[in-house]
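Right, one structure below, let's go through it.
These numbers were taken from a predicted model, which means no experiment stands behind them. So that the names make sense, note that chain A is the first sequence line, chain B the second, and so on, each numbered from 1.
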Amino acid sequence: MPPTDATPVLELRDVSKSFGAVQALRSGSLRVDAGSIHALVGENGAGKSTLVKIVAGVYRRDGGVLALGGESVDFDSTAESKAAGIAVIYQEPTLFPDLSVTENIFMGRQPMARGGRIDRAAMIAETRALFTRLGVDIDPRRPALGLSIADQQIIEIAKAISLDARLLIMDEPTAALSGNEVARLFAVARSLRDEGRALVFISHRFDEVFALCDAVTVMRDGAYIATVPTAETTEAQIVSQMVGREVADLFPKTEAEIGDVVLDVAGLTTAGEFHDVTFSVRAGEIVGLAGLVGAGRSEIARAIFGIDAYDAGSVTVDGNAVARRNPRAAIRAGIAFVPEDRRQQGLVVDGSVGRNIASVIRSGLTRAGLLTTAAENSAVQPWASRLEVKTNALDMPATTMSGGNQQKVVIAKWLATEPRLLIIDEPTRGIDVGTKAEVHRLLSELAGKGLAILMISSELPEVLGMADRVLVVCEGRITADIARADATPENVMAAATRSAGDEEPAA
Amino acid sequence: MSTTEQTPDVLVAPSQQSRGQRALRAVLGSRELAIAIVLVALVAATTARRPSFLTGSDGFRDLLLSPSVLLLLAIGQMVVIVTRNVDLSVGSTLGISAYVCGSLFSADQERSVLVVFVICVVVGAGLGLVNGLLVAFFRVPALVITLGTMYVFRGVLKNVAGANRITAGDFPAGFERLGTQQVLGIPVLTIIGLVVLVAVGYYLRTARGGRELYAIGSDPDAATLYGLPVARRVITAFVLCGALAGLAGAVTAARYATAYSGTGSGIELQAVAAVVIGGVAIFGGSGTVWGAAIGAFLLITINRALPILGISEYWQGAVVGALILGSICLDRYLSARRARHLIEARDDA
């Protein structure tokens, strides 16, 4: 850590936070000086967002030091953090869509005229002044509904300025911005820094970190790794600090015989989400779809499975075209889809394990139109035992199981349909380390039996350990297709963070 | 978005319109005007059929007097609905309040009318507080909570009142006269409703608390992140709604000079209907109390006008239902169009 004499605006030391059994933050440390922009980087799940939410007063830390301007503080609510001069801009801006942008900026602390009345004229004048200063041209009276993410962030920044915040935290503010919008945001950030405010900037794009920030703190697996001035480090150094572990042994992918093409996607395009996506997956092959959160990977998967419509392109399985926007047709064609959000989209959490596994093949199990639990359980028994789903009885509700076992139930549900292709979105999110390896072994085994697997994962080690081939998606386009032997954390990260306009080939 | 050349739409570029132009535009484009026109057209059509509907001395009075109870309930309901909640217990609260009012007078005819009104409001506010606390702290949807309290409140009233019916003779003449008294041709009971309407409308538009009610309904999670006092505001909304239901109970007693265990049964759904017809979003965040008030007038007037227009009274319910469906479709259409405009304005800029 660089030695500084001045008291930092924000200091976190060894801060920890657990949610139930999951430790989201083991030992988070961060020290931000006034008049500086500080980058906070780390892989998805490294604990950055948890750290931010602790500073914002959304969560309470379990342990460690949180000091503001040298004084230890405890925030019980977001209101307290705000009153202390902290403004947070979340990945998803949180505005009130029905209210005007002016009201969004001043909600809860509107200027008052006599008689407890809100002074609208003063409020609007001040909003105009803020917008002029930020160099944007937005009608103060227009509702927040329909604003672009970039403009919503400008509203959030205007809010922070009008609060006279001394610390401004931006959680991946550029994820959804175009080049011009990023330039505008940076100009604003620099002018705020020059006024002596402290800024924390979370980003996955290293070019931006180096262009904007004075120092960078790296986090990994919920812990502090290092803080260095950006002038004294390199992208490669940061990436190696972020990844920092041996990946090869963790995820044993056994070699499988690669067969014929099962899934063929050609020119798939949906305006605003992904463009000209073309790739194929062969029998026995695991193709990893890597990239940042929000790059468009899940959207591609949803389009292939027919949940969302797409504008152009085609999807074929075993040479047969799959109808668009029709999940039933996709299931008939042999596609199985394990969604990212297991509890919301993958399971009927209150239903029994047996009923969950039988849910897709239900219609084949009826007798005279009636479905009995006995029929369901006898049909799902082989699948449950094959996946070693740890539950004594199939009658137990799915909600009582651990994340890993729930994931196995979802996979079993699809295996019961005897699919040709398994699309699995974030296979091990929220699953503890032990069970993670089991899920990975299972995927490897399935590939060995000739199943084609398309695996979306934000965890770099998982992608590198499991995939025969890594496709990297960046801003809705496939920016790299890297064979297993050539894939490294560095070249995948580089392709995933390539900002729009970069022309050099990735990998 | 850039700050350069074209400014294709006032929606994104700062508005150059004067205050008057803006106000006119807001009124002309408002959802409230649409139903006000429907109301005026209905009154006109009915008057054409039977002139006394509007011009007769009783006709004009009834036109204003009949909605006075529903007006109060719709105002309270609107304040709750705008926070993304609902209060189904207002009918039962009204019943309890009316019965309390009747009991107070039948025990002592000399009681001050003002004191009785205050007691009714306090009783209603207390029941509203129960709703508010349950909704704020149990984090169960208000629909379920107030469905429960609706039956509980009514059950308590039935137990206390039994088959007892408080009738005209139990009320002092001064109180009963309120039901027909007019000031400048406007019934006193309606004036009470209008005064409440203006006060609540002013609060919702110009006070921090009022704006925060909209914010909470627009996005409850964002309201928490903003550090708004969500629980306190929601409780306040329910207390206000209950207090107005209590006031409506006293008004009911004054208007009909009767109170029994079934008073106000079923009126809660009319209150919700009035609010929805008035253009208040059922998921909160938008709409005005003016709209809810016009909705209440429209709902009551339709029921009185249909027989005159030669439509069987059996159709009344269906007509009201069609009105609700129509206004919801209109709202969907308008909000989709507005969202599209706002997005287009952004893309063009």
inquiry  = If you count heavy-atom pairs within less than 4.5 Å of chain B, which of Lys82(A), Met107(A), Met112(A) leads?
reply    = Met107(A)
request  = Please state whether the side chain, the backbone, both or neither of Glu103(A) comes within less than 4.5 Å of a heavy atom of chain B.
outcome  = side chain
key: chain B contact via Asn104(A) - which portion, at a heavy-atom distance below 4.5 Å   = both
Say you draw a straight line from [atom1] of [X] to [atom2] of [Y]; how long is it, rounded to the nearest 0.5 Å?
X         : Y         : atom1 : atom2 : value
Arg109(A) : Leu228(B) : CZ    : CG    : 10.5 Å
Asp219(B) : Thr94(A)  : CG    : OG1   : 7.5 Å
Arg117(A) : Arg208(B) : CZ    : CZ    : 13.5 Å
Tyr90(A)  : Leu225(B) : OH    : CG    : 4.5 Å

Tell me the closest heavy-atom pair linking [X] and [Y], and the distance in Å.
X         : Y         : value
Thr224(B) : Thr78(A)  : O-OG1, 2.7 Å
Glu212(B) : Gly108(A) : OE2-CA, 3.2 Å
Leu95(A)  : Ala222(B) : O-CB, 4.3 Å
Pro97(A)  : Ser218(B) : CD-OG, 3.2 Å

remark   = When the 4.5 angstrom heavy-atom criterion is applied to Ala223(B) and chain A, the contacting part is both
message = Using heavy-atom distances under 4.5 Å, tell me whether Tyr202(B) contacts chain A through its side chain, its backbone, both, or neither.
response = side chain
query = Are Ile118(A) and Arg205(B) side-chain neighbours, meaning at least one heavy-atom pair lies under 4.5 Å?
reply = no
ask   = Considering residues at least two apart in sequence or located in another chain, which fulfil the side-chain hydrogen bond (donor to acceptor under 3.5 Å, both in side chains) criterion with Asn131(B)?
value = Ser89(B), Thr149(B)
inquiry  = Holding to side-chain hydrogen bond (donor to acceptor under 3.5 Å, both in side chains), I want the full list of residues that pass it with Thr270(A), two or more places apart in sequence or in another chain.
reply    = none
ask   = Would you say the side-chain atoms of Lys159(A) and Tyr226(B) include a donor-acceptor pair closer than 3.5 Å?
value = yes
key: Ser286(B) side chain vs Asp98(A) backbone, donor-acceptor pair below 3.5 Å   = no
